[in-house]
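The structure appears right after this line, and notes come after that.
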Amino acid sequence: GQQVMQIPQYQHVQEGEDFTTYCNSSTTLSNIQWYKQRPGGHPVFLIQLVKSGEVKKQKRLTFQFGEAKKNSSLHITATQTTDVGTYFCALRSGGGADGLTFGKGTHLIIQP
Amino acid sequence: DAGVIQSPRHEVTEMGQEVTLRCKPISGHDYLFWYRQTMMRGLELLIYFNNNVPIDDSGMPEDRFSAKMPNASFSTLKIQPSEPRDSAVYFCASSLDGRETEAFFGQGTRLTVV
């Protein structure tokens, strides 16, 4: 199935700084989803991107889907302590299969 | 709806014992996924079902792992015999359909095999 590379694995920021995580695929994606997992919690859906070049915003979070639909990013402006957690991109396997596979995730650590 | 319900929340067992994890998906969801999460390997898809039928079990580590979905409201993941390296958090998730809907996760079962 399709795989996606997510970077960075860890990101330390000072509270108030911006944060970005990236997902890259070698093949064209039909869509991509983003999830957040708080420490000790379970993954929670944030958003889905479907269209080439799509940009969606949720308050301080901005999600982008590349023009070639091979990469995506999540950007958080002015991080807050509530943003702590692991951010995952996820995609359906493709090729007629619908298994939802996740990237390795980016662990966001915020220093007050 | 109460969401995806998993039980137990925590399980500690001795090596060699059988372990059964349980999941109740959200009513009306056609897809059910089982994941294993560890620090080293991240969130791994083990198996998923569509309308109670297993579609892809290529992520199941080995024959010691088996999963069933006897009806639309219940699924089990069984490990027999369990080994210390099976220690992980196991998540169950469900989604309404296959391609463009979000997955809802249960709270997970933290398994420790000693």
Side-chain angles (χ1 to χ4, degrees), chain A residues 1-10 21 23 28-52 54 56 58 63 65 69 72 74 85-109, chain B residues 2-7 9-10 21 23-26 29-60 67 69 88-110:
Chain A
Q2 291 178 312
Q3 303 225 345
V4 64
M5 182 72 67
Q6 191 170 356
I7 56 171
Q9 186 176 359
Y10 292 91
T21 174
C23 276
T28 302
L29 306 172
S30 57
N31 60 64
I32 194 163
Q33 298 179 354
W34 286 91
Y35 290 76
K36 176 185 178 181
Q37 183 178 22
R38 294 182 185 274
H42 59 280
V44 175
F45 175 82
L46 293 175
I47 210 158
Q48 176 170 272
L49 304 172
V50 178
K51 299 177 182 176
S52 169
E54 189 169 17
K56 288 188 176 180
Q58 291 179 352
F63 304 84
F65 204 6
K69 300 181 73 173
S72 181
L74 158 58
T86 304
Y87 293 85
F88 295 94
C89 59
L91 57 146
R92 298 290 184 178
S93 302
D98 299 320
L100 185 61
T101 56
F102 283 73
K104 294 294 187 188
T106 296
H107 303 266
L108 174 60
I109 298 109
Chain B
V4 176
I5 300 173
Q6 290 186 248
S7 63
R9 291 292 308 277
H10 302 271
L21 311 182
C23 175
K24 181 181 187 306
I26 293 173
H29 280 193
D30 290 337
Y31 282 78
L32 183 140
F33 308 88
W34 281 101
Y35 292 90
R36 177 174 68 176
Q37 187 173 40
T38 60
M39 285 297 295
M40 290 297 295
R41 302 175 71 88
L43 200 57
E44 301 174 275
L45 176 63
L46 301 178
I47 185 172
Y48 75 96
F49 296 82
N50 179 20
N51 292 319
N52 314 336
V53 177
I55 302 301
D56 184 359
D57 65 354
S58 61
M60 296 286 259
M69 192 164 185
V89 179
Y90 290 82
F91 287 104
C92 173
S94 70
S95 70
L96 187 61
D97 60 33
R99 291 215 165 263
E100 295 189 359
T101 58
E102 64 189 277
F104 293 82
F105 280 74
Q107 300 288 332
T109 295
R110 181 172 294 278

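Computed over heavy atoms, backbone and side chain alike; hydrogens, waters and symmetry mates excluded. Labels below follow one simple rule: chain letters A, B, ... track the order of the sequence lines, proteins then strands, and each chain is numbered from 1.
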Problem - Side chain, backbone, both or neither of B:E44 within contact of chain A (heavy atoms, under 4.5 Å) - result: neither
Problem - Contact origin within B:F91 toward chain A - heavy atom pairs under 4.5 Å - result: side chain
Problem - Pair A:Y35, A:Q37: side-chain N/O donor-acceptor within cut-off below 3.5 Å - result: no
Handout entry: Check: B:Q6/B:Q107 side-chain N/O donor and acceptor closer than 3.5 Å
Key = no
Completion exercise
Highest number of heavy-atom pairs under 4.5 Å with chain A among B:G42, B:G59, B:S58, B:A103 belongs to B:A103
Handout entry: Partner chain A: residue of B:V89, B:N50, B:L43 with the largest heavy-atom pair count (under 4.5 Å)
Key = B:L43
Practice task
Over 60° means perpendicular and under 30° means parallel, so classify the ring planes of A:Y10 and A:H107, tilted if in between.
Solution key: parallel
Practice task
Please report the C-alpha distance between B:Y90 and B:Y35 in whole Å, then the side-chain angles of each, then the deciding distance to 0.1 Å, and finally whether the ring pair (Phe, Tyr, Trp, His ring centres under 6.0 Å) criterion is met.
Solution key: CA-CA 6 Å; B:Y90 290 82; B:Y35 292 90; over 10 Å; no
